[in-house]
Protein chains: 2
Amino acid sequence: MTITPYIPDIDAGDLPLEERAYLRLRQALMEGVFSPGAKLSIRRVAEALGTSPMPARTALRRLATEQAVDALPSGTVLVPRLTRAAFQEVSAIRAELEPLAIRLAATRLDARTLDALATVVAEHDAARAAGKPEVFLQKDREFLFGLYRQAGAPMLFSMIEALWLRRGPLFWDARWILMGRPPAAAHRHDQMLAALRRGAGDVAAQELKVEIERMTAFLLEALPFEGQAAAAPRQARARR
Amino acid sequence: MTITPYIPDIDAGDLPLEERAYLRLRQALMEGVFSPGAKLSIRRVAEALGTSPMPARTALRRLATEQAVDALPSGTVLVPRLTRAAFQEVSAIRAELEPLAIRLAATRLDARTLDALATVVAEHDAARAAGKPEVFLQKDREFLFGLYRQAGAPMLFSMIEALWLRRGPLFWDARWILMGRPPAAAHRHDQMLAALRRGAGDVAAQELKVEIERMTAFLLEALPFEGQAAAAPRQARARR
DNA sequence: AGAACTCAAGTGTGATCACAAACACCGACC
DNA sequence: GGTCGGTGTTTGTGATCACACTTGAGTTCT
């Protein structure tokens with residue numbers, strides 16, 4: 001069965017084709033366009049992108065480097081299927097890095113940014129009330145990354161992005177479950193904003209850490225993880 | 001002046017040329033073979049690697065993706081020159097991730113591994129006494145990464161590697177300064193091992209965090225960041 | 001009928017080529 | 001002397017092609 005996935009376009013400026021291919025695939029991955037376990041063949045992706053295989057090849061290799069996709073020994077690329085252990089690992093790293101980003105951002109936030117973020121939280125809650133999981137998840141991302149961007153730490157930012165990227169396919173499956181959580185337990189974004197307004201970066205960071213750990217525990221219960229997967233990284237390949 | 005740096009070979013098994021190119025460049029970068037600010041042209045790297053430009057191109061793009069090198073808008077790749085802020089950022093991330101790795105590893109260490117690591121610490125001290133900075137730094141890496149590998153967290157491991165990669169060129173310049181530090185203040189590896197032997201992973205993690213923060217503070221004082229490096233730019237051996 | 005084999009289509013890899021933009025160098029000009 | 005402009009080179013990009021390996025379906029043999 002050869003599926004040719006639809007890959008959403010982006011508002012590409014004059015970027016090189018390779019860069020555009022990379023960004024488009026990245027976006028598609030984070031939005032859960034590909035189902036876990038799907039095979040991403042170079043030629044087929046190129047076809048879907050409307051380019052020659054070359055840009056698709058480099059883009060896929062780059063994604064494999066940051067472990068956003070898995071690469072088989074043969075070089076074939078698969079959409080990762082997070083195991084229980086891998087999910088726990090991603091969450092543990094998030095629980096360290098994202099609070100760090102909050103602490104760094106706390107010293108640089110101004111009132112205007114805080115107000116903008118409060119709006120995002122309101123939209124987030126509205127999306128939950130309206131039963132729109134896509135908007136719900138998007139606003140969640142928007143709030144947190146809006147905060148992380150203020151940290152002024154580009155490397156940290158891209159590392160966090162990579163973690164979310166890897167988590168993407170899983171969260172797409174979990175979107176209904178996540179939105180259905182009791183609001184009281186669901187998010188602490190209001191409390192975080194309040195802490196940040198009074199300059200208590202450490203408190204906000206701790207709130208976030210708790211939120212991540214709580215959601216992780218919840219999903220470990222709620223989600224049916226499959227036994228095996230998360231292909232091993234490329235090793236020596238048999239060649240005779 | 002076209003310098004064609006010597007790039008050390010690796011014990012490549014059967015890997016594709018692109019993968020080998022990536023690993024070789026990565027290794028060279030971490031060992032400080034390239035001086036900060038150097039321009040890495042695709043064709044020249046390919047020549048030094050003995051391949052066509054193609055594998056060199058993909059390898060450089062991959063390194064740029066994980067921010068191990070800097071990419072100009074034109075696509076040209078430069079060896080990063082760490083600014084003061086970037087060095088602080090890398091250190092702050094290390095201070096979160098590496099203790100996490102220690103905590104994860106603590107529950108999985110066995111006596112044999114601990115003994116092997118104790119040997120590495122001994123060699124580390126011997127290298128300091130003998131005044132061999134290359135061995136000194138190498139043993140330091142060997143000890144810590146030997147520990148991190150035991151964490152059983154592949155994604156965390158490769159993120160830490162990426163941080164060291166970025167820090168590589170800087171540390172090469174700092175090798176004499178680092179080795180000259182008073183031994184008492186220099187490393188807490190013995191204390192870490194002792195803590196791990198009695199199962200106190202949190203204590204070991206805290207030791208490491210303190211070590212990282214202390215070394216960062218030390219280097220922020222000792223290294224001339226904005227101007228040019230103290231040591232004469234290490235010249236790569238001309239090849240041809 | 002079940003298993004091993006065969007073969008053709010599909011796959012990733014890497015070299016080569018064409019092209020446009022960026023760059024460096026050197027002379028002419030103010 | 002310093003600045004500007006033109007020109008030849010070098011650079012990154014992307015398409016195309018050849019090749020070896022993998023894969024899977026169809027066939028044949030036991």
Side-chain angles (χ1 to χ4, degrees), chain A residues 1-5 7 9 12-25 34 37-65 68-79 231-240, chain B residues 1-5 7 9-10 12-25 34 37-65 68-79 238-240:
Chain A
M1 177 172 125
T2 61
I3 54 164
T4 312
I7 302 175
D9 205 346
D14 53 351
L15 294 158
L17 282 180
E18 173 221 313
E19 188 71 18
R20 179 148 44 168
Y22 171 72
L23 292 176
R24 285 180 67 178
L25 286 173
F34 307 114
K39 189 166 68 178
L40 294 182
S41 133
I42 290 181
R43 285 175 173 83
R44 207 165 303 283
V45 167
E47 190 184 340
L49 257 44
T51 70
S52 90
M54 181 70 57
R57 189 208 304 198
T58 31
L60 286 175
R61 280 272 149 279
R62 285 171 66 180
L63 288 170
T65 302
V69 296
D70 288 332
L72 262 48
S74 72
T76 307
V77 160
L78 301 182
V79 179
R234 271 166 92 77
Q235 293 299 343
R237 53 198 286 218
R239 217 174 212 175
R240 47 195 135 112
Chain B
M1 66 156 202
T2 60
I3 54 165
T4 314
I7 302 176
D9 204 347
I10 54 173
D14 218 353
L15 297 156
L17 282 181
E18 172 220 316
E19 190 70 17
R20 179 146 46 166
Y22 171 71
L23 292 176
R24 286 180 67 178
L25 286 173
F34 307 114
K39 190 165 68 178
L40 293 182
S41 129
I42 290 180
R43 286 175 171 83
R44 207 166 306 282
V45 168
E47 190 185 340
L49 256 46
T51 71
S52 89
M54 182 70 58
R57 188 207 305 198
T58 9
L60 285 175
R61 278 273 149 280
R62 286 171 66 182
L63 288 170
T65 301
V69 296
D70 288 333
L72 263 49
S74 71
T76 307
V77 161
L78 301 182
V79 178
R239 174 183 175 281
R240 178 182 313 253

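Predicted, not measured: the structure shown is a model, and the values here were computed from it. Letters go in sequence order (proteins before strands), and every chain restarts at 1. Note that these values count all heavy atoms, side chains included, but never hydrogens, waters or copies made by symmetry.
- Shown here are the salt bridge (Lys or Arg N to Asp or Glu O under 4.0 Å) partners of B:Arg61, two or more places apart in sequence or in another chain: A:Glu18.
- Applying the side-chain contact (heavy atoms from CB on, under 4.5 Å) criterion to B:Thr51, with sequence neighbours excluded, gives B:Leu17, B:Ala46, B:Leu49, B:Pro55.
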- Note on the structure: Quick tally for nucleotides 6-14 of chain D: nucleotides whose base has a protein heavy atom under 4.0 Å get B, sugar-phosphate-only ones S, the rest -, giving -----BBBB

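- Atoms OG1 and CG, on B:Thr76 and B:Asp70 in that order, are 12.0 Å from each other to the nearest 0.5 Å.
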Pairs under 3.5 angstrom, nitrogen or oxygen only, protein versus nucleotides 5-7 of chain C, please.
none

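- If one axis is set at each end of the helix from C:dA1-D:dT30 to C:dC30-D:dG1 from five pairs, those axes are 10° apart, to 10°.
- To the nearest 0.5 Å, atom CD of residue A:Glu47 and atom OG of residue A:Ser52 are 12.5 Å apart.
- Distance A:Leu78 CG to C:dT11 P: 13 Å, rounded to the nearest Å.
- Note that the OG1 atom of A:Thr58 and the CZ atom of B:Arg62 stand 11.5 Å from one another [nearest 0.5 Å].
- With sequence neighbours left out, B:Ala68 forms a side-chain contact (heavy atoms from CB on, under 4.5 Å) with B:Leu29, B:Leu63, B:Glu66, B:Leu165.
- Taking both residues in full, the closest heavy atoms of B:Val45 and B:Ala56 are given as CG1-CB, 4.0 Å, listed atom of the first, atom of the second, then distance.
- Remark: B:Arg24 CZ to B:Glu19 CD distance equals 13.5 Å, nearest 0.5 Å.
- Across all non-hydrogen atoms, the minimal contact from B:Leu60 to B:Val69 is O-CG2, 4.2 Å.
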